[in-house]
Amino acid sequence: MNEIENNFNKIIESHIELSKIFNFICKYNYNILLYSTNGFPIDIFINELIKKKFNINTIFKTENVWEKNINYYENKFFFEIDLMNPNFSKNYELLTNFIAYLIKIRNIYNEKHLIIIKHIDMLKEEFSILKILLEKYSFNVYFICTTYKIASIEDAIKSRFTCFRLPLFKTYEIDNIFSNYLNKNLNPYLVKSNCRNLIFAAFISEIENKEPQLITE
């Protein structure tokens, strides 16, 4: 996936629909919900978005723990919470308390805090509390949230975001990515099966390019 990450900004620029979404969000400081289907690298898209938004070349994040329960990443420009992190507390009520705590901190670098929440569908039992946070602190914070399960998100939550669907790459687009940016050929079986999963295609490519290990007794 490193090769995908290193070239993803160019990949976005070459894709008409993605580049429109990308360029709009870079200048948009309100709640955003990004959703797609498994196979689109949303995390890499967000990293490129952050770099462009804050004019930085590399993202450095520090992992922290709040109240011995909430694992999160911090950068001077944003806070990041990954609800799929295996170390993350499943007591999501604590998360809403943590978000309320973050929002009350004065932001030194930007007019508003930016909080990234990945896999927001995991919060479905706490959507009522999240709605309150979204409304009460909208003057001081905006969220970029992600999900691969948009059907699990309540309409009342979606209405508080500007929602963007990140389309899966078509097979010929993945083939072009491999040839133009990775200098590799896409596995012919993936071409034949009309694969649209860029993450899986990259995984297969990594396996194919590993040299077989010599087994000795």
Side-chain angles (χ1 to χ4, degrees), residues 1-26 32-53 56-61 73 80-88 116-124 144-153 158 161-216:
M1 288 296 291
N2 288 338
E3 292 174 305
I4 298 289
E5 292 182 42
N6 294 338
N7 290 277
F8 206 67
N9 185 261
K10 295 177 182 177
I11 294 170
I12 292 172
E13 290 178 353
S14 67
H15 193 285
I16 295 175
E17 187 174 355
L18 281 180
S19 62
K20 286 181 179 179
I21 294 171
F22 182 84
N23 291 325
F24 178 84
I25 297 176
C26 283
I32 292 167
L33 177 58
L34 300 175
Y35 67 97
S36 190
T37 305
N38 285 322
F40 184 93
I42 295 182
D43 289 357
I44 300 177
F45 183 88
I46 287 181
N47 286 344
E48 292 304 318
L49 185 65
I50 293 298
K51 286 190 283 188
K52 179 71 176 290
K53 196 175 187 69
I56 55 178
N57 294 321
T58 307
I59 298 176
F60 296 100
K61 296 183 286 189
Y73 291 94
E80 180 183 299
I81 300 162
D82 186 350
L83 300 181
M84 291 293 286
N85 184 332
N87 296 320
F88 196 87
I116 299 169
I117 304 179
K118 297 180 178 179
H119 306 285
I120 193 177
D121 48 277
M122 300 288 289
L123 273 181
K124 58 185 176 182
I144 297 178
C145 297
T146 73
T147 182
Y148 285 109
K149 299 178 180 178
I150 189 65
S152 298
I153 311 298
K158 288 188 284 189
F161 289 86
T162 301
C163 301
F164 293 94
R165 182 184 68 86
L166 302 176
L168 285 178
F169 292 101
K170 296 179 175 63
T171 305
Y172 77 88
E173 291 172 334
I174 294 178
D175 196 18
N176 289 338
I177 289 170
F178 269 65
S179 60
N180 295 335
Y181 301 106
L182 310 185
N183 295 317
K184 295 179 180 179
N185 293 320
L186 181 61
N187 181 288
Y189 174 78
L190 297 181
V191 175
K192 186 176 180 180
S193 61
N194 292 318
C195 173
R196 300 189 64 186
N197 188 326
L198 179 60
I199 296 174
F200 181 69
F203 171 72
I204 293 298
S205 177
E206 289 178 6
I207 293 176
E208 290 175 335
N209 285 278
K210 283 184 179 178
E211 294 183 4
Q213 295 183 356
L214 180 63
I215 300 175
T216 59

Asker: Quick one: CG on Asp43 to OG1 on Thr146, what's the gap to the nearest 0.5 Å?
Answerer: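 Asp43 atom CG to Thr146 atom OG1 measures 6.5 Å (nearest 0.5 Å).
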
Asker: For Phe164, which of Tyr35, Phe40, Phe24 qualifies under ring pair (Phe, Tyr, Trp, His ring centres under 6.0 Å)?
Answerer: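 That would be Phe24; it is the only one of Tyr35, Phe40, Phe24 passing the ring pair (Phe, Tyr, Trp, His ring centres under 6.0 Å) with Phe164.
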
Asker: Spell out, as yes or no, whether a donor-acceptor pair under 3.5 Å connects the side chain of Ser205 to the backbone of Ala201.
Answerer: no

Asker: Can we say Glu48 and Lys51 salt-bridge, meaning some charged N sits less than 4.0 Å from an Asp/Glu carboxylate O?
Answerer: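 Yes, Glu48 and Lys51 are salt-bridged.
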
Asker: Assess whether side chain to side chain contact (heavy atoms under 4.5 Å, CB included) is satisfied between Phe161 and Ile120, documenting all intermediate values.
Answerer: CA-CA 12 Å; Phe161 289 86; Ile120 193 177; 4.2 Å; yes

Asker: Assess the side chains of Asn187 and Glu208: does a donor N or O sit below 3.5 Å from an acceptor N or O?
Answerer: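 Distance-only check passes for Asn187 and Glu208.
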
Asker: Relative to the ring of Phe169, is the ring of Phe8 parallel (under 30°), tilted (30 to 60°) or perpendicular (over 60°)?
Answerer: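 Ring orientation, 0 to 90° scale: perpendicular.
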
Asker: In this structure, are over 12 heavy atoms from other groups packed under 6.0 Å from Asn185 atom CG?
Answerer: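 No, not enclosed.
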
Asker: What is the distance from atom CG of Leu18 to atom CD1 of Ile11, rounded to the nearest 0.5 Å?
Answerer: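 Going from CG on Leu18 over to CD1 on Ile11, the span is 10.0 Å.
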
Asker: Could you state the interatomic distance from NZ (Lys192) to CG (Leu186), rounded to the nearest 0.5 Å?
Answerer: 14.0 Å

Asker: Under 4.0 Å between a Lys/Arg side-chain N and an Asp/Glu carboxylate O for Lys184 and Glu3?
Answerer: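 Yes, charged N to carboxylate O under 4.0 Å.
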
Asker: So does Lys20 have more than 12 non-hydrogen atoms from other groups sitting under 6.0 Å from NZ?
Answerer: no

Asker: Would you give the length of the straight line joining atom CG of Leu34 to atom CG of Leu49, rounded to the nearest 0.5 angstrom?
Answerer: 7.5 Å

Asker: First locate atom CG of Asp121, then atom OG of Ser152, and finally report the distance between them rounded to the nearest 0.5 Å.
Answerer: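 Answer rounded to 0.5 Å: 5.5 Å.
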
Asker: To the nearest 0.5 Å, what is the distance between CG on Asn176 and CD1 on Ile174?
Answerer: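 Between atom CG of Asn176 and atom CD1 of Ile174 there are 10.5 Å.
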
Asker: For Cys195, does its backbone N or O pair with a side-chain atom of Thr171 as donor and acceptor, under 3.5 Å?
Answerer: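 The answer is yes, because a donor-acceptor pair under 3.5 Å joins these two groups.
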
Asker: Hey, do the aromatic rings of Phe45 and Phe22 have their centres closer than 6.0 Å?
Answerer: yes

Asker: More than 12 heavy atoms of other residues, nucleotides or ligands under 6.0 Å from OH of Tyr148: yes or no?
Answerer: yes

